[in-house]
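Here is the naming used below: chain letters follow the sequence lines, and residue numbers restart at 1 for every chain. Note that the structure is a prediction, hence the values are computed from the model and not measured.
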Protein chains: 2
Amino acid sequence: MQKTIQKRTLKTRARLFTAAEAVIEKNGYEALRVDEVVQAAGVAKGTFFAHFRDKDELMEILIGQKLVACFDQVEKGPMPKTALEIIDALEPIHSFMTSERYVFDLIIRYSGATAIAEIGPIAMCFERYVRMTAVWLESAEVRGDVSADLLAEGVQAFALQSMSLKYCALHESQSFRDRLEVYLNAWLNPIVQKT
Amino acid sequence: MQKTIQKRTLKTRARLFTAAEAVIEKNGYEALRVDEVVQAAGVAKGTFFAHFRDKDELMEILIGQKLVACFDQVEKGPMPKTALEIIDALEPIHSFMTSERYVFDLIIRYSGATAIAEIGPIAMCFERYVRMTAVWLESAEVRGDVSADLLAEGVQAFALQSMSLKYCALHESQSFRDRLEVYLNAWLNPIVQKT
DNA sequence: ATCAAAAAATGACCGCGGTCAATAAAAAAT
DNA sequence: ATTTTTTATTGACCGCGGTCATTTTTTGAT
């Protein structure tokens, strides 16, 4: 069973990516139309779907790339030690995730791997989010009664909750940052009187 | 500015609902097609969109109805006192929310009110989730350093996180219930040594 | 009862994502 | 160099959600 990939294929694929990025640059993610991309790339519509399962797959790749860049940037910075520092450290990631409603929805939808075989780029970022945060929490000034991994998953849960509420008119009085700060203080530094 | 609603309107609307429910009963939510509904209801396609902004609006209403029924059932039961009892009490709600991938995605997408003016049925359920849980937590055996409202929002965040992971192949080893139990124990009953 | 105005229903039509049998181009076999 | 086989590309076509000018029905005024 051979499967030689022609170099023509790579060229076509590259042109599709370039075209898609240009289209997004102009009008954002939501407004992207497959027809516009293939026209800009100078290929037929069918070719698009020979390279990507569906429009979402292209989107997942492109958004995943940007997300990875955000993570790289965040990991270059210094290790945060407190809840507030963690929030600030994660800011570039959260900022991109909520840059467009369409982007946020797509990220949520693809945050889980459908099959173990194929973990998509966004699902990988969600894994990375927890791993990275867990490392921070390992040596941060936080509660020690539960594992850093568990704490990290909680941080993710609260960050997602805060981002969701950002799109909710009922809660727009409080800013994303303030809300997440309240959550994380309560999650990472509970003050409990022993009974 | 008058706007008399004819009783014909209500009849048509009712027929659309009945037809939609029948269609869903047969093949589930995801497979519903507007064409199938209007045919079953014996009306033209345009009529559908005179009654509902789009297909999602109908779905939101139907799924919202079911959700409300779940809440009513849950509120009939006894007040849970512990993390575990809370998980069990909420089970009917979580169960319906994850009954179909399509249903879960739609619920997430409409969990926030787009505009304050029109709070959709699902957004109302999300409010109700927190209100109800907060009342429970008011008199439950849980930490007292933060408000019951905040604790309730956390419960919601962790429940959503657990549900999301249910659809993630990378985390399917742990069951929804076990995962949520770990989260809620850490959230509601932290054990911290005073420094 | 008659007629004008408001409300509701209609269905041909459009946009856009996605398919697939036919065709072209490249690689391998001769 | 020629044929065969594999791989890529094409574009007409389809499904389905959603629109809108036109028609039908209802209502309220005379």
Side-chain angles (χ1 to χ4, degrees), chain A residues 1-20 22-24 26-63 102-103 105-106 109-110 114 120, chain B residues 1-20 22-24 26-63 100-103 105-106 109-110 114 120:
Chain A
M1 189 195 283
Q2 63 198 55
K3 194 165 60 171
T4 344
I5 30 156
Q6 311 178 356
K7 51 192 160 194
R8 177 174 55 148
T9 312
L10 299 174
K11 243 176 102 175
T12 305
R13 196 179 168 85
R15 290 174 65 191
L16 282 168
F17 274 123
T18 310
V23 168
I24 289 166
K26 203 166 26 126
N27 300 318
Y29 290 91
E30 173 138 42
L32 182 140
R33 297 285 168 268
V34 173
D35 283 299
E36 202 179 347
V37 173
V38 295
Q39 188 165 2
V43 300
K45 200 170 186 177
T47 304
F48 182 97
F49 293 97
H51 286 264
F52 308 103
R53 189 182 348 95
D54 51 25
K55 178 179 153 178
D56 276 359
E57 186 173 306
L58 169 69
M59 288 310 208
E60 202 195 341
I61 293 171
L62 291 176
I63 290 174
Y102 175 86
V103 171
D105 284 349
L106 191 135
R109 199 142 34 82
Y110 285 92
T114 317
Chain B
M1 190 196 281
Q2 63 197 58
K3 196 165 58 170
T4 344
I5 29 155
Q6 311 178 356
K7 52 192 158 193
R8 176 176 53 150
T9 311
L10 300 174
K11 242 177 104 175
T12 305
R13 196 178 168 87
R15 288 176 67 191
L16 282 168
F17 275 123
T18 310
V23 168
I24 289 166
K26 200 163 30 124
N27 298 319
Y29 289 90
E30 174 139 43
L32 180 140
R33 296 287 168 267
V34 173
D35 283 297
E36 202 180 345
V37 173
V38 296
Q39 187 165 2
V43 299
K45 200 171 187 176
T47 304
F48 181 97
F49 293 97
H51 286 264
F52 307 103
R53 188 183 350 95
D54 50 25
K55 179 179 154 177
D56 275 1
E57 187 173 305
L58 169 68
M59 287 310 208
E60 203 195 339
I61 293 171
L62 291 176
I63 290 173
E100 231 183 278
R101 176 75 205 249
Y102 175 87
V103 170
D105 285 348
L106 191 134
R109 201 143 33 83
Y110 286 93
T114 318

Any protein N or O atoms within reach of nucleotides 8-10 of chain C? Criterion: under 3.5 Å, listing atom names and distances.
| residue | atom | partner | partner atom | Å |
| --- | --- | --- | --- | --- |
| dA8(C) | OP1 | Thr9(B) | OG1 | 3.0 |
| dA8(C) | O4' | Arg8(B) | NH2 | 3.1 |
| dA9(C) | OP1 | Thr12(B) | OG1 | 2.4 |
| dA9(C) | OP2 | His51(B) | NE2 | 3.0 |
| dT10(C) | OP2 | Ala44(B) | N | 2.9 |
| dT10(C) | OP2 | Thr47(B) | OG1 | 2.8 |

Atom CD of Glu36(B) and atom P of dG15(D) are separated, to the nearest Å, by 14 Å
Of the listed dC16(D), dC16(C), dT19(D), the closest approach to the Asp35(A) side chain comes from dC16(C)
From NZ of Lys7(A) across to P of dA27(C) the rounded distance in Å is 6 Å
Identify whether any heavy atom of Leu10(B) sits under 4.0 Å from a base atom; if not, whether one sits that close to sugar-phosphate; answer base, sugar-phosphate or nothing. nothing
* Between dG17(C) and Arg33(A), is there an OP1 or OP2 to side-chain N/O distance shorter than 4.0 Å? -> yes
In whole angstroms, the gap separating C1' of dC16(C) from CG of Asp54(A) amounts to 14 Å
Separation of dC13(C) atom C1' from Phe49(B) atom CZ, nearest Å, is 14 Å
Separation of dC16(D) atom P from Gln39(B) atom CD, nearest Å, is 12 Å
Taking every heavy atom of Ala44(B) against every heavy atom of Val38(B), the minimum-distance pair comes out as O-CG1, 3.9 Å
Q.
Does Leu10(A) have more than 12 heavy atoms from other residues, nucleotides or ligands lying within 6.0 Å of its CG?
A. yes
By salt bridge (charged side-chain N to carboxylate O under 4.0 Å, His left out), Asp54(B) pairs with (sequence neighbours left out) none
Atom CD of Glu57(A) and atom P of dG18(C) are separated, to the nearest Å, by 11 Å
>> Lys26(B) vs Glu36(B), test: salt bridge (charged side-chain N to carboxylate O under 4.0 Å, His left out). Steps then yes/no.
In response: CA-CA 12 Å; Lys26(B) 200 163 30 124; Glu36(B) 202 180 345; 3.7 Å; yes
Requested in this report: Under 4.0 Å between any heavy atoms, over every strand shown, what does Leu32(B) touch: base, sugar-phosphate, or nothing? Just pick one.
Outcome: sugar-phosphate
Lys55(B) NZ to dG17(D) P, in whole Å, measures 4 Å
Would you mind reporting whether His51(A) and Leu58(A) have side-chain heavy atoms less than 4.5 Å apart?
no
Sorted by chain and residue number, the salt bridge (charged side-chain N to carboxylate O under 4.0 Å, His left out) partners of Arg15(A) (sequence neighbours excluded) come out as none
Note: Glu100(B) and Tyr29(B) closest approach over all heavy atoms is OE1-N, 3.1 Å
To the nearest angstrom, the CG-P distance between Leu106(A) and dG17(C) comes to 14 Å
